[in-house]
**Student:** 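Below is one structure. I have some questions about it.
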Amino acid sequence: MRNLWQLLLRNHVFLLFLVLQVLALTWVTRSHGHPRGAWIQWSLRWTGAWNEQLMEVARIRDLDEANALLVAENAALRALMSRGSAAHGRGGEVVHMTLARSANWFMVNRGWADSVRVGDGVVSSQGAVGRIVETAEHYAMGLPLVNTELEWSGRVGKAGVMGRVVWPGHAVRAGQMQDIPRSAAIAVGDTVFTTGYQGVFPPDLPIGTVQRVTQNPSDEFLTVELTWAVDFNALRYVELLRGPNWPAFTPTEAPK
Amino acid sequence: MEGTLQTALRWVLALLAQSWIFHHLVVMDGWVTPLFHLYGLVLLPLRMRPVTYLLAGGLMGLGVDLLNFGGGLFTAAGLVSGGLQPLIARLLAPREGYEADAEVGPQTLGWLWWLTYTFLIVVVHAVWLFALEAGRWGLVPKGLGQAATSALATSALIVIVRTLFMRNARRR
């Protein structure tokens, strides 16, 4: 017993390292995909205000006002359009976004005080952007299409074949559509649209454009390389959409 | 006492600078990710107890995680670099060991020692961070590439900032 105690004392730094590393790795495992936990509310509140201040530094006043008006107009027009659901939109601004990680996220300057709720879809004038996963009073966190932990439902053309849309994690501009039957007629330049099945986006929003079609040697499916419709490097103004009649969204993880 | 206060202040400032400024300066799709908080760890005095390096690294990572939605990645990486820091210092120690008041930097231990010490701490941190962040085996090679380029950029940044502060101190 005394020897054991001495052994522990002699290696106390290493043992402490192991314990703390296991705790940290548990945190990493639990939060991969997007950060979770009660501290998110606190962090959104504090870092959101700071991120917005940083954005102010880069803001060109006139362009900003013009863009804000356009976003509001877009939101109003989209709400009026007949999409078979009561989707309604609110304009917002992306105040921070990561694109260097595999589990990327973004922050918008709208929160639950602006009626933003978890599960709301986020779109830009170019197409589908992502969905909201956490909300604080004035800020919300969302996951973009460029997140390797998520998959989305897409359709080639407005009446074409459907498949899973994922981000392989290599280049920010490049997405991928999987599980497309070999018999499907897909051409380079075709547009991939949302299906509306996940309840995040309304149907027929652009997701991307087909860049390359390859046959998987191991199965009967095609893999379609996409270029996202949205330029995530320049993403700033967005709309937050909610369709109360859409089915509840449950995220599914991409296969490892 | 003054030295301890200065070290603690530098540790806090490095954490805040990383969370509020350098965290936003990620360029080239993540191939250059500044990890400036390591400035506060690299410049910790050389003859502290190993457990202090470990806790300083872990707490630094925890701070970055909480302020930047790191989800534990920076804590894990901070623990690894903090845990290995005494070993790296011992590995690079001169034959007669470090002097009691040896300051971390090129002025007392030479440029080669300073550059190697900084780069090794940064690269250990970056490799663990990016490998964990990759999340799947297929993305690990890309993560290791990003770790290498980010470690080079961060080391250069730390060396430049340290040199600037040394010049200002000399002028005073």
**Student:** Dump the intermediate steps for side-chain contact (heavy atoms from CB on, under 4.5 Å) on B/Phe69 and A/His96, then the final yes or no.
**Tutor:** CA-CA 11 Å; B/Phe69 306 97; A/His96 186 58; over 6 Å; no
**Student:** Is atom CH2 of B/Trp20 surrounded by more than 12 heavy atoms (other residues, nucleotides or ligands) closer than 6.0 Å?
**Tutor:** no
**Student:** Other residues, nucleotides and ligands only: do more than 12 of their heavy atoms fall within 6.0 Å of CZ on A/Arg117?
**Tutor:** yes
**Student:** Counting only heavy atoms closer than 4.5 Å, note whether A/Met107 contacts chain B via side chain, backbone, both or neither.
**Tutor:** side chain
**Student:** Can you name the residues of residues 6-15 of chain A that have some heavy atom under 4.5 Å away from a heavy atom in chain B?
**Tutor:** A/Val13
**Student:** Can you tell if the side chain of A/Leu20 reaches within under 4.5 Å of the side chain of B/Thr75, non-hydrogen atoms only?
**Tutor:** no
**Student:** Report yes if the side chains of B/Asp65 and A/Trp27 come closer than 4.5 Å at any heavy-atom pair, otherwise no.
**Tutor:** yes
**Student:** Quick check: do A/Gln21 and B/Trp128 have side-chain heavy atoms less than 4.5 Å from each other?
**Tutor:** yes
**Student:** Can you classify the ring geometry of A/Trp105 versus B/His23 as parallel (below 30°), tilted (30 to 60°) or perpendicular (above 60°)?
**Tutor:** parallel
**Student:** Grab the two heavy atoms, one from A/Ser102 and one from B/Leu139, that are nearest each other, plus how far apart they are.
**Tutor:** CB-CD1, 4.0 Å
**Student:** A side-chain contact here means heavy atoms from C-beta on lying under 4.5 Å apart; do B/Val26 and A/Thr98 qualify?
**Tutor:** no
**Student:** Rounded to the nearest 0.5 Å, how far does CE of B/Met28 lie from CG of A/Leu99?
**Tutor:** 14.5 Å
**Student:** Please find the pair of heavy atoms, one from B/Asn68 and one from A/Arg101, that lie closest to each other, and give the distance.
**Tutor:** O-NH1, 4.4 Å
**Student:** For chain A, which residues from residues 39-54 of chain B lie under 4.5 Å away (heavy-atom distances)?
**Tutor:** B/Pro50, B/Val51, B/Leu54
**Student:** Is it the backbone or the side chain of B/Leu79 that comes under 4.5 Å from a heavy atom of chain A, or both, or neither?
**Tutor:** both
